[in-house]
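Report on one structure; see the data block that follows.
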Amino acid sequence: MTAVHAPLGERALAILREVFGHAAFRGAQAEIVGHVAAGGDALVLMPTGGGKSLCYQVPALLREGTGIVVSPLIALMQDQVDALRQAGVRAAFLNSTLSAARADAVERALVAGGLDLLYVAPERLLTPRCLDLLGRAQLALFAIDEAHCVSQWGHDFRPEYLQLSVLAERFPGVPRIALTATADPQTRAEIVSRLALAGARVFVSSFDRPNIRYAIVDKDEPRAQLLAFIREEHPGDAGIVYCLSRKKVEETAEWLVGHGIAALAYHAGMDAETRAANQARFQREDGIVMVATIAFGMGIDKPDVRFVAHLDLPKSIEGYYQETGRAGRDGLPADAWMTYGLADVVQQRRLIEQSEAAEDYKRVASAKLDALLGLCETAGCRRVRLLAYFGEAADPCGNCDTCLAPPETWDATVAAQKALSAIYRTGQRFGAVHLIDVLRGKATERTAKLGHDRLSVFGVGAELDEAAWRGVFRQLVALGLAQVDHAAHGALRLTDASRAVLKGERKVEMRRSVARGKGRRPAAAPVGVRGLAAGDRERFERLKQWRRDEAHRQGVPAYVILHDATLAEIAHRRPATLAELAAVGGIGAKKLERYGAALVALARGEG
C-alpha cells in the first residue's frame, strides 16, 4: 500500500485511492477513519450510499490484524466479499452457507493472519467456538453493521444484537465501530447502552439523500398508478416494490409480469430455493423489479436501484427511510414513490391495537405512525419533514412532489363538521365508504334500508366529489379527530378532540388533493446515465455489455465489477490512456491492472 511510517492521514488517503479508486474522502469519513484507525470506538450514523463501509474497511487495512464485520444478513456476504476481492482486499465470510472444509480454510487463514476483513453473522459470532477462534487471531477492529437492529423499538430488531456487548468484555483492546443509516435519538441512546459504547465518539452525518426524489400520491388504483409510474419514469430500470402481505406481493408481481414488466416476488413464506434464486437474479441482472415484503432489502448492496415504491404504508419513518434508502446508492437520481390512503391508516392502527405487545410498545408504535402520517399529509417539503424527524434542519429541497407541485391547503372546518356529524348521526358504526354515500346523498339499497336517507346529514356534502371526501376522512383520522374502531369492522368513531370541531371552537386546515406533475430534476443533480449524449450513451451500453460478460464469466453481480456511475463517467470522459482511466472514480489499482486495457479500448471505440 504505502509506507507504514507515513502519517496516518496520508496512509488512509493512499489506501482510498489505490484500493477503492476514490480521490478524496467525503464528509466525516476522514475523521472517522483516523479515529478508529488510532484505536478509538465510534458510533456512525450515515445515510445509505454515504460511504459507511469505507469507515471500517480503510481502518481495517491500516491496522495490524483482521477486521471483523458483524453483519445480520448472510445472503449478501458473498457479494460484499466478492466486491472487496475485486479491489485486491483479502476478504472472506463465515456463515452457514459454507461447507465444513471451506469454513475450516477460512478459520485457518484468520489465525494465520491471511485476512484483511472477515464477515460474520451475529448468531455465529456469539458461539463459544467462534469467540475462542477470535481469541487466537490478531484483530484490527470490530465493525457492527446495521446497529439499529439492537433496538427493541425498531423495525429490524434482532435479539442476537443484544448480546454483542460481549465484544467489549472479551476484547477490551480492540476498537469497535457501530454503523447504521437509521436511528432517531431514542435508538442512538439504545445502541450506545446495549453495545457498551459509552466512551465512543458519535459521528452524525446529514440524513439527507439529495439524489432521491420523494413522492406520496393519493391511492386510487394503486397497481395502475404503479404501472404508469414505472412505464413513464423508469422503463427498464431496477426497482423494489414493497407490499405489506405475502399474498399482495405475489399478486402484484404476477400482475406486473402480465403487463410486460420483468418482476419477481420475494417474501419469507416462499421456499428458500426460490427466494434465493429470485434475489440472485435481482442482484445479477439488469432491470429487474422486485416485489417484496420488508423481509427483503436490509444490507442490499445493489447500487443501481433507480426506484423504491410502496403500495402499503410502512410502520414508521425509520422503516420508510431505511427502505427508500435502497434506491440510488450510486448517487445518481432515484425515486421514492408511495401510494397512500385511508385504508393504510386503518390497517396500521389495527396491527398496533390488536398486537400482543406491551402497552408501552404500543404507545411508541402509535407515536411513530403519527409521525409518518404527518410526513404523508404535509403540504410542505417532504425532505424538510423527513430530516426534522431525525433532528436535522433543512431548507425546502425543490425536488420532492410537494415542492415541484405544491398542494393547496383549504379551510376544511365545515367539511370536517359535516363528516363528524355523519359519523355521529349514523351511530358511529360505519366506515368511510358508507359515510361518503350519505354525505353526497347517494341513494343506495343500504342507505334506504338503514333509513340514512332521512337523516339531516344526507346530501349535505354534495359539493365535494368522492375522492375529496376520502381525503377528508383520511386526514380526520391522521389528525386524531376521528378514530377507527377495529372491533366494529373498521367503523369510524368520534374522539375527544372531535367536540371542539363540532362546536366551532377549532379550525381545521387540510391538504387538497391535486394532480401532481412529474417536475424536473434539480440542475445540481449528478450527471447520470440518462444525461449522456447519444454517442456517449452508445459507448455506455457497450461498456455495460462488456461488464455483463465479465460478470457472467466470474459468476458475480455486474456491479461488483464496476458501478453504473463509473461506466457513465468512462463513457463521458473517454479516457485514452491508463493514466486517464485511473482518474475515473471507482477505478483502483487492482481494477486498473485487471480491466484497464479493455476499458480504454472500449472508450476509444475499439471494443
Side-chain angles (χ1 to χ4, degrees), residues 27-28 32 41-50 52-53 55-56 69-73 122 142-168 176-209 242 294-295 297-300 313-326 336 348 351-352 355 357-375 383 385-394:
I32 297 166
D41 295 336
L43 169 59
V44 174
L45 287 88
M46 189 177 287
T48 302
K52 288 192 301 295
S53 58
C55 294
Y56 62 81
V69 185
V70 184
S71 176
L73 213 56
F142 286 104
I144 302 168
D145 204 6
E146 309 289 357
H148 63 274
C149 291
V150 78
S151 174
Q152 296 184 77
W153 305 107
H155 57 289
D156 279 326
F157 174 58
R158 304 292 175 102
E160 302 83 18
Y161 268 62
L162 297 178
Q163 302 172 50
L164 290 176
S165 61
V166 71
L167 299 178
R176 291 170 301 132
I177 174 172
L179 310 101
T180 180
T182 316
D184 59 10
Q186 180 182 1
T187 304
R188 295 174 209 176
E190 198 169 355
I191 292 170
V192 169
S193 172
R194 296 192 180 279
L195 296 182
L197 286 169
R201 280 190 64 183
V202 179
F203 297 88
V204 182
S205 299
S206 170
F207 284 88
D208 192 15
R209 295 285 306 281
Y242 283 111
I294 58 169
M298 188 167 64
I300 284 290
L313 192 69
K315 296 178 181 178
S316 65
I317 286 184
E318 290 97 329
Y320 174 74
Y321 182 83
Q322 184 84 9
E323 288 148 26
T324 57
R326 288 153 194 163
Q348 288 295 354
L351 289 174
I352 293 170
S355 75
E359 286 304 313
D360 57 350
Y361 179 88
K362 289 184 179 181
R363 280 195 299 273
V364 171
S366 291
K368 288 179 179 290
L369 179 58
D370 287 341
L372 180 60
L373 294 179
L375 175 68
R383 197 179 309 274
R385 191 76 178 238
L386 182 65
L387 295 177
Y389 181 82
F390 293 109
E392 184 177 342

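In what follows, every heavy atom counts, from backbone to side chain, and hydrogens, waters and symmetry copies are set aside.
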**Request:** Test side chain to side chain contact (heavy atoms under 4.5 Å, CB included) on C55 and L179 and set out the steps.
**Result:** CA-CA 9 Å; C55 294; L179 310 101; 4.2 Å; yes
**Message:** Please determine whether side chain to side chain contact (heavy atoms under 4.5 Å, CB included) holds for the pair I144 and L164, giving the CA-CA distance in whole Å, both sets of side-chain angles, and the decisive distance to 0.1 Å.
**Reply:** CA-CA 9 Å; I144 302 168; L164 290 176; 3.8 Å; yes
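- Nearest heavy-atom pair across T324 and A336 is CG2-CB, 3.6 Å.
- When side chains are defined from C-beta on, S165 does not count as touching L195, because their heavy atoms never get closer than 4.5 Å.
- Side-chain atoms of R176 and Y56 include no donor-acceptor pair closer than 3.5 Å.
- Salt bridge D41/R201: absent, no basic N to carboxylate O contact under 4.0 Å.
- Taking CD1 of I191 as the reference point, atom CG of L43 lies at 5.5 Å (rounded to 0.5 Å).
- A perpendicular orientation is assigned to the rings of Y321 and F207, their planes being inclined by more than 60° (bins at 30° and 60°).
- For P314 against L372, the heavy-atom pair with the smallest separation is O-CD2, 3.2 Å.
- Distance alone, capped at 3.5 Å, is enough to place a donor-acceptor pair between the Q348 side chain and the L313 backbone.
- Here C149 contributes atom SG and L162 contributes atom CG; the two are 10.5 Å apart, rounded to the nearest 0.5 Å.
- The CZ atom of R188 sits 8.5 Å away from the CZ atom of F390 when rounded to the nearest 0.5 Å.
- A side-chain donor-acceptor contact under 3.5 Å links Y389 and E318.
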**Asked** Please walk me through it: do F203 and L45 pass side chain to side chain contact (heavy atoms under 4.5 Å, CB included)?
**Response** CA-CA 6 Å; F203 297 88; L45 287 88; over 6 Å; no
**Request:** Given side chain to side chain contact (heavy atoms under 4.5 Å, CB included), test I177 with I32 step by step and report yes or no.
**Result:** CA-CA 9 Å; I177 174 172; I32 297 166; 3.9 Å; yes
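- Nearest approach of E392 to S205, heavy atoms of both residues: OE1-O, 4.4 Å.
- When side chains are defined from C-beta on, F142 does not count as touching V69, because their heavy atoms never get closer than 4.5 Å.
- When atom types are taken as modelled, the side chain of K362 and the backbone of S355 share a donor-acceptor pair closer than 3.5 angstrom.
- No side-chain donor-acceptor contact under 3.5 Å links S193 to the backbone of A189.
- Between atom CD of residue Q322 and atom CD1 of residue I294 there is a gap of 10.0 Å, rounded to the nearest 0.5 Å.
- Of the possible donor and acceptor atoms, none in the side chain of R209 sits under 3.5 Å from a partner among the backbone N and O of P47.
- In this structure, the separation between OG on S366 and NZ on K315 is 12.5 Å, given to the nearest 0.5 Å.
- Between E146 atom CD and T180 atom OG1 the span is 6.0 Å, to the nearest 0.5 Å.
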